[in-house]
Amino acid sequence: MSTLATILLSSLPLAVGWTVHVWWLRGRLNTARRDPLTGLRTRDGFTRRATDLLKDPRAVVMLADVDRFKQINDTFGHAAGDALLKATADRLAHHVGPAGVAGRLGGDEFAAVVIDDHGTAGDLLAVLHGVLARPVDGHDPAVRTTVSLGWVRTADFPDDDLSGLLRRADEAMYTAKQGRNGLRRAGLGWLFATVTGRRAGRSGARTDAPAVGVAA
């Protein structure tokens, strides 16, 4: 056996071991970027994928907040609340599909980025809004609630990064929640002010912040 062959054979276990280790590290990293309850991407994993999708001018950013979630927890227990979050996540992920990305930013707040191929995001999100309000399978039919959705087209605000677009979607979502109409697009009318990404009234927001007018 040649010296080269001997060296290659002796190094084979090391190469195999390193490959296995790399795959293990990737698996751990992917796990860390997934929410253990819903299976959606966490904020870090969502941010990475969403930032890449925003390179497409057809991208739409959406923020969703479960209405009356505390009431569900208090009335039916935390198991029912967890089931509601899981159902919301599953329905959102199914609606977004593999071409987009959905994530759980924390608590009962979810975000998504989709590519609007046909300019019908408003209609599609209206359908999603109805889907998210359905009862949770296998639970008391009363374990249900609505979800407030705010969304924004990246093309309307080409200078905004993901943080800025999420802020606008957050403002629109809050307007929808206050108006109890469930769905609101950023860029239509006057919205609530935000300062450094914090909506007026949230911790860290200035109380003297002026209202932000957004052109349609």
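We're numbering straight along the sequence, starting at 1.
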Scan the side chains in residues 69-80 for donor-acceptor partners under 3.5 Å anywhere in the protein, sequence neighbours excluded, and list what turns up.
{"unit_1": "Lys70", "atom_1": "NZ", "unit_2": "Asp74", "atom_2": "OD2", "d": "2.7"}
{"unit_1": "Thr75", "atom_1": "OG1", "unit_2": "Gln71", "atom_2": "O", "d": "2.8"}

Problem set entry | CZ (Arg49) with more than 12 external heavy atoms under 6.0 Å | yes
Determine the minimum heavy-atom distance between [X] and [Y], stating which atoms define it.
X	Y	answer
Leu128	Met62	CD2-SD, 3.9 Å
Ala102	Ala93	CB-CA, 4.4 Å
Leu53	Ala99	CD2-O, 3.6 Å
Val96	Val101	CG1-N, 3.4 Å
Arg168	Ala186	O-CB, 3.7 Å
Leu63	Ala111	CD1-CB, 3.8 Å

Problem set entry | Verify same cluster id: Ile115, Leu166 (apolar side-chain graph, 4.5 Å) | yes
For this session: Determine, using the 4.5 Å side-chain heavy-atom cutoff (strictly less than), whether Leu37 and Leu92 are members of one ILVMFWY cluster.
Result: yes
N/O donor to acceptor pairs below 3.5 angstrom from side-chain atoms of residues 149-158, sequence neighbours left out:
{"unit_1": "Arg153", "atom_1": "NH1", "unit_2": "Asp116", "atom_2": "OD2", "d": "2.6"}
{"unit_1": "Arg153", "atom_1": "NH2", "unit_2": "Asp116", "atom_2": "OD2", "d": "3.2"}
{"unit_1": "Thr154", "atom_1": "OG1", "unit_2": "Pro57", "atom_2": "O", "d": "3.4"}
{"unit_1": "Thr154", "atom_1": "OG1", "unit_2": "Ala59", "atom_2": "O", "d": "3.0"}
{"unit_1": "Asp156", "atom_1": "OD2", "unit_2": "Arg185", "atom_2": "NH2", "d": "2.8"}

Problem set entry | Pairwise distance CG(Asp65) to CD(Glu109) - rounded to 0.5 angstrom |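 Spacing of CG (Asp65) from CD (Glu109) equals 6.0 Å.
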Exercise. Roughly how far, to the nearest 0.5 Å, is OG of Ser148 from CG of Asp170?
Worked result: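 OG of Ser148 is found 11.0 Å from CG of Asp170.
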For this session: Kindly indicate, with the supporting measurements, whether the criterion side-chain contact (heavy atoms from CB on, under 4.5 Å) is fulfilled by Asp35 and Arg41.
Result: CA-CA 6 Å; Asp35 174 54; Arg41 295 176 189 244; over 6 Å; no
Quick one: side chains of residues 132-141, donor-acceptor pairs under 3.5 Å with protein atoms, not counting sequence neighbours, listed by atom name and distance.
{"unit_1": "Asp140", "atom_1": "OD1", "unit_2": "Ala142", "atom_2": "N", "d": "2.8"}

Problem set entry | CA sep, side-chain torsions, deciding dist, call: Phe110, Leu40, side-chain contact (heavy atoms from CB on, under 4.5 Å) | CA-CA 9 Å; Phe110 300 86; Leu40 293 183; 3.7 Å; yes
For this session: For the pair Arg184 and Thr175, evaluate side-chain hydrogen bond (donor to acceptor under 3.5 Å, both in side chains) and give the outcome as yes or no after the intermediate values.
Result: CA-CA 7 Å; Arg184 177 82 176 190; Thr175 303; 4.9 Å; no
Exercise. Below 4.5 Å, heavy atoms only, C-beta onward: do Arg58 and Asp117 meet side chain to side chain?
Worked result: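 Yes, side chains in contact.
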For this session: Keeping the roles fixed (side chain from Arg104, backbone from Gly107), state whether a donor-acceptor pair exists under 3.5 Å.
Result: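 Judged by distance alone, yes, a pair lies under 3.5 Å.
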Exercise. Are any side-chain N or O atoms of His129 and backbone N or O atoms of Val147, one a donor and one an acceptor, separated by less than 3.5 Å?
Worked result: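 Answer holds: yes.
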Exercise. So Phe46 and Val113, side-chain contact (heavy atoms from CB on, under 4.5 Å) or not? Walk me through it.
Worked result: CA-CA 9 Å; Phe46 170 79; Val113 176; 4.0 Å; yes
Problem set entry | Electrostatic pair Arg48-Asp52, nearest N-O below 4.0 angstrom | no
Problem set entry | Asp67 bridged to Lys177 by N-O distance under 4.0 Å |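 So Asp67 pairs with Lys177 through a salt bridge.
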Exercise. Going through the distances and angles, do Asp90 and His94 end up as a side-chain contact (heavy atoms from CB on, under 4.5 Å)?
Worked result: CA-CA 6 Å; Asp90 289 346; His94 177 77; over 6 Å; no
